[in-house]
Amino acid sequence: MQRSLVLLKPDCVQRRLMGQIISRFENKSLNIVAMKLMNVTPDMAKQHYAEHVEKPFYPGLEAFITGAPVLAMIVEGLDVIAVIRNMLGATSGLKAASGTIRGDFSGSRQMNLVHASDGEEAAAREIALYFNDDEICGYEPTLTPWFKADDE
Ligand code: CMP
């Protein structure tokens with residue numbers, strides 16, 4: 001099993017889309033093992049988006065991500081990092097394919113509704129940034145035998 005840090009961003013919270021997005025993850029049989037509504041501080045934003053801090057769009061990105069609460073989640077599943085990124089679609093909602101979350105709900109490259117880790121190293125770093133160990137509630141879904149074969 002793999003884990004990904006997922007943020008439902010301020011646009012998702014403000015637009016009342018959290019329930020629809022969470023439903024997509026649940027419908028896909030992914031397992032949510034941690035979740036909290038929280039404010040991202042400017043310091044956290046700089047750590048989370050360290051690779052973007054020097055980019056021209058960073059000041060706007062920081063204002064956006066700190067401007068209203070986010071719903072932070074840890075989502076677990078087989079190949080979950082790739083599975084969720086496929087579900088999200090291209091970074092810009094203007095380019096994301098129909099049927100993906102961003103393709104269906106976003107018309108912006110900044111306000112793209114959801115962040116998800118782009119690799120295992122990023123997932124470990126981002127999970128540690130947003131959650132303490134005692135906030136993670138790992139469990140085995142009782143429906144697991146109906147979600148996948150034993151050898152998957
Ligand atoms: P995310 O997947 O969270 O990773 C970095 C974020 O920066 C991205 O989603 C967008 O919200 C934002 N972003 C990426 N490219 C641009 C851009 N060119 N202009 C403004 N925001 C951007």
Side-chain angles (χ1 to χ4, degrees), residues 1-138 141 147:
M1 282 291 166
Q2 199 177 49
R3 287 178 173 176
S4 178
L5 185 281
V6 175
L7 294 183
L8 305 192
K9 296 184 185 182
D11 52 339
C12 190
V13 176
Q14 293 282 17
R15 289 176 55 194
R16 275 56 185 147
L17 291 172
M18 287 187 290
Q20 291 190 64
I21 306 304
I22 291 167
S23 288
R24 291 211 182 195
F25 295 142
E26 290 189 317
N27 290 343
K28 186 72 178 171
S29 80
L30 301 179
N31 200 21
I32 297 169
V33 296
M35 179 185 276
K36 64 180 170 186
L37 194 67
M38 61 185 289
N39 290 302
V40 176
T41 64
D43 181 56
M44 284 182 75
K46 287 183 185 74
Q47 290 184 61
H48 181 155
Y49 287 126
E51 74 205 83
H52 298 306
V53 167
E54 301 303 328
K55 295 190 181 154
F57 65 79
Y58 181 75
L61 175 60
E62 183 180 293
F64 162 55
I65 206 74
T66 62
V70 301
L71 187 71
M73 301 187 275
I74 301 173
V75 185
E76 189 178 71
L78 291 176
D79 288 330
V80 73
I81 291 171
V83 166
I84 291 181
R85 288 185 71 86
N86 280 334
M87 292 174 75
L88 296 187
T91 299
S92 171
L94 297 167
K95 296 190 176 142
S98 293
T100 65
I101 290 168
R102 291 170 179 153
D104 287 353
F105 294 107
S106 167
S108 163
R109 64 185 178 187
Q110 179 181 267
M111 300 203 177
N112 59 2
L113 296 167
V114 186
H115 166 83
S117 307
D118 65 7
E120 289 196 332
E121 191 205 335
R125 182 172 56 81
E126 292 169 3
I127 286 170
L129 180 60
Y130 284 89
F131 288 96
N132 298 319
D133 284 348
D134 64 3
E135 294 174 308
I136 302 172
C137 308
F147 287 150

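Indexing begins at 1, ligand by ligand and atom by atom, following the structure's order.
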So which atom in Ala45 and which in Glu62 form the shortest heavy-atom distance, rounded to 0.1 Å?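 For Ala45 and Glu62, the tightest heavy-atom pair comes out as CB-CG, 4.0 Å.
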
Please produce the table of protein N or O atoms sitting under 3.5 Å from N or O atoms belonging to ligand 1, one pair a line, distance to 0.1 Å.
| unit_1 | atom_1 | unit_2 | atom_2 | d |
| --- | --- | --- | --- | --- |
| ligand 1 | 3 (O) | Lys9 | NZ | 2.8 |
| ligand 1 | 3 (O) | Tyr49 | OH | 2.6 |
| ligand 1 | 3 (O) | His115 | ND1 | 3.0 |
| ligand 1 | 9 (O) | Lys9 | NZ | 2.9 |
| ligand 1 | 9 (O) | Asn112 | ND2 | 3.0 |
| ligand 1 | 11 (O) | Lys9 | NZ | 3.0 |
| ligand 1 | 11 (O) | Gln110 | O | 2.8 |
| ligand 1 | 11 (O) | Asn112 | OD1 | 3.4 |
| ligand 1 | 19 (N) | Arg109 | NE | 3.3 |

Got a list of side-chain donor-acceptor pairs under 3.5 Å for residues 79-97, not counting sequence neighbours?
| unit_1 | atom_1 | unit_2 | atom_2 | d |
| --- | --- | --- | --- | --- |
| Arg85 | NH1 | Ala116 | O | 2.9 |
| Asn86 | ND2 | Ala82 | O | 3.4 |
| Ser92 | OG | Leu94 | N | 3.0 |

Under the rule for ring-ring contact (aromatic ring centres under 6.0 Å, His included), what residues qualify as partners of Phe57, not counting sequence neighbours?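 Residues passing ring-ring contact (aromatic ring centres under 6.0 Å, His included) with Phe57: His52.
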
side-chain contact (heavy atoms from CB on, under 4.5 Å) partners of Ser108, counting only residues at least two apart: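 If we apply the side-chain contact (heavy atoms from CB on, under 4.5 Å) test to Ser108, skipping adjacent residues, the hits are Ser106, Gln110, Met111.
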
For Phe131, does the six-membered ring have the charged nitrogen or CZ of Lys36 within the cation-pi criterion, i.e. under 6.0 angstrom from the centroid and within 45° of the normal?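 Yes, Lys36 sits over the ring of Phe131.
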
Test item: Gln20 side-chain N/O and Leu17 main-chain N/O as donor-acceptor pair under 3.5 Å: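 Looks like no, no N/O pair under 3.5 Å.
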
